[in-house]
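Here's the structure, in structure tokens; my notes come after.
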Amino acid sequence: MHRFFVAPELLTDLGLGPDTGLAPARGATTFSSQEQTGDVVARTGGAGSNLVPLPKEIAHQVRDVLHLNLGEHLILLDNSGDEVVAAVARSSKAGVEVHLLERRPGKREPGVRIVLCQGLLKSARFEWVLEKGTELGVSVFAPILCRRSMAGLEDAGPSKQQRWQRIIQEAAEQSGRSRLPELLPIRPLMHALNDVPPGALAIMPWEEEHNRTLYGILNSAASITRVGTLASPSAEVLSREGTLASPSAVESPTHPPPTGVLFIGPEGGLTAEEVALAQRHGVQVVSLGSRILRAETAALAAVASVMYEYESVF
């Protein structure tokens, strides 16, 4: 079923926002009768119509690209974690309207919150990291300026930012996510290091590291019981170093998922001074293996490794 993120106001203005609650019996609020859709009728002006007009760009996708027929279903997402199932009700050159069917919980986010601090790359490679990182489950993209970042990359104007946001959104829709990853402003490496959350597992792959491996660090860090306690003796060492919070198997306001912060250098790599600075901030420097990887490859290899280790626990 095709998925589209829409402005939250499209649903909340109709009384169909996430605070409307979920029906206990089915886990979803349904909108199949006029009695249930009084707000919708008031918005569209047709008694019993229960129709919502799609934004122009989404209408084009539905009508001209996907060629969805009347009655076919799609999913509207408002970045709340829920999804609203809708059916195509009217389609013409003037626009597309859908009939809202139900609100239900969307797919849950990964059991680990990954913050990817990516040294700025050439446009196409950075956009590839955004797309594939979103598919893999990255929660926050934090582009950073390093000493060897190419000059001019920091000048990402509004049009570039909008393009990056669009790439993230399309990747989230394609991969079935119900929440959009956050894209932070470009900032220096030092600022990103200062903002590492307390207790986060902070990792920096570096080609000059030959002793500590990413696998070894993750194997220790992911030794967690289902109730969210650290299980192995090696994990106690990690805790004393201030690099790992005691995570919970269930995401909640009081027990958020564990956070992993990955620092990936730019195309020219990280300098020894930058690595030393990161270590002073509690970041663990690791090797990704005997082969030297491109920056974008290293980023996705590290993300996939962290996701695999933690999702095998949660």
Thinking salt bridges, do Glu274 and Arg148 make one under a 4.0 Å N-O criterion?
->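 Looking at Glu274 and Arg148, the cut-off is not met.
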Salt-bridged, Glu267 to Arg294, with N to O below 4.0 Å?
->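 Salt bridge flag = no for Arg294 with Glu267.
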Is there a donor-acceptor contact under 3.5 Å from the side chain of [X] to the main chain of [Y]?
X	Y	answer
Arg147	Leu270	no
Gln162	Trp164	no
Asp82	Arg103	no
Arg113	Gly260	no

Side-chain touch [X]/[Y], heavy atoms, less than 4.5 angstrom:
X	Y	result
Leu201	Pro258	no
Leu74	Val88	yes
Asp195	Arg187	yes

Under 6.0 Å from the CD atom of Glu57, do we count more than 12 heavy atoms belonging to anything else shown?
-> no
Got a sec, which residues hit side-chain hydrogen bond (donor to acceptor under 3.5 Å, both in side chains) with His60, two or more places apart in sequence or on another chain?
->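 If we apply the side-chain hydrogen bond (donor to acceptor under 3.5 Å, both in side chains) test to His60, skipping adjacent residues, the hits are Asp64.
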From Val138, Val140, Val115, residue fulfilling side chain to side chain contact (heavy atoms under 4.5 Å, CB included) relative to Glu182 |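 Answer to the side chain to side chain contact (heavy atoms under 4.5 Å, CB included) test with Glu182 among Val138, Val140, Val115: Val140.
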Does the pair Val84 and Asp78 meet the rule for a side-chain contact (heavy atoms from CB on, under 4.5 Å), with working shown?
-> CA-CA 9 Å; Val84 174; Asp78 58 6; 5.6 Å; no
Using distance only, find each side-chain donor-acceptor pair of residues 126-134 under 3.5 Å and give its atom names and separation, not counting sequence neighbours.
| from | atom 1 | to | atom 2 | distance (Å) |
| --- | --- | --- | --- | --- |
| Glu127 | OE1 | Arg163 | NE | 3.3 |
| Glu127 | OE1 | Arg163 | NH2 | 3.0 |
| Glu127 | OE2 | Ser123 | OG | 3.2 |
| Glu127 | OE2 | Arg163 | NE | 2.7 |
| Thr134 | OG1 | Leu130 | O | 2.7 |

How far apart are the closest heavy atoms of [X] and [Y], and which atoms are they?
X	Y	value
Gly106	Ser178	CA-OG, 3.3 Å
Leu183	Pro143	CD1-CD, 4.1 Å
His73	Ala87	CD2-CB, 3.6 Å
Ile168	Pro181	CG2-CD, 3.6 Å
Ser91	Val96	OG-CG2, 3.8 Å

Applying the salt bridge (charged side-chain N to carboxylate O under 4.0 Å, His left out) test to Arg3, which of Glu83, Glu170, Glu173 qualifies?
->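 Testing Arg3 for a salt bridge (charged side-chain N to carboxylate O under 4.0 Å, His left out) against Glu83, Glu170, Glu173 leaves exactly one candidate, Glu83.
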Supply the atom-to-atom distance Leu193 CG to Arg280 CZ, rounded to the nearest 0.5 angstrom.
->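 Result: 10.0 Å between the selected atoms.
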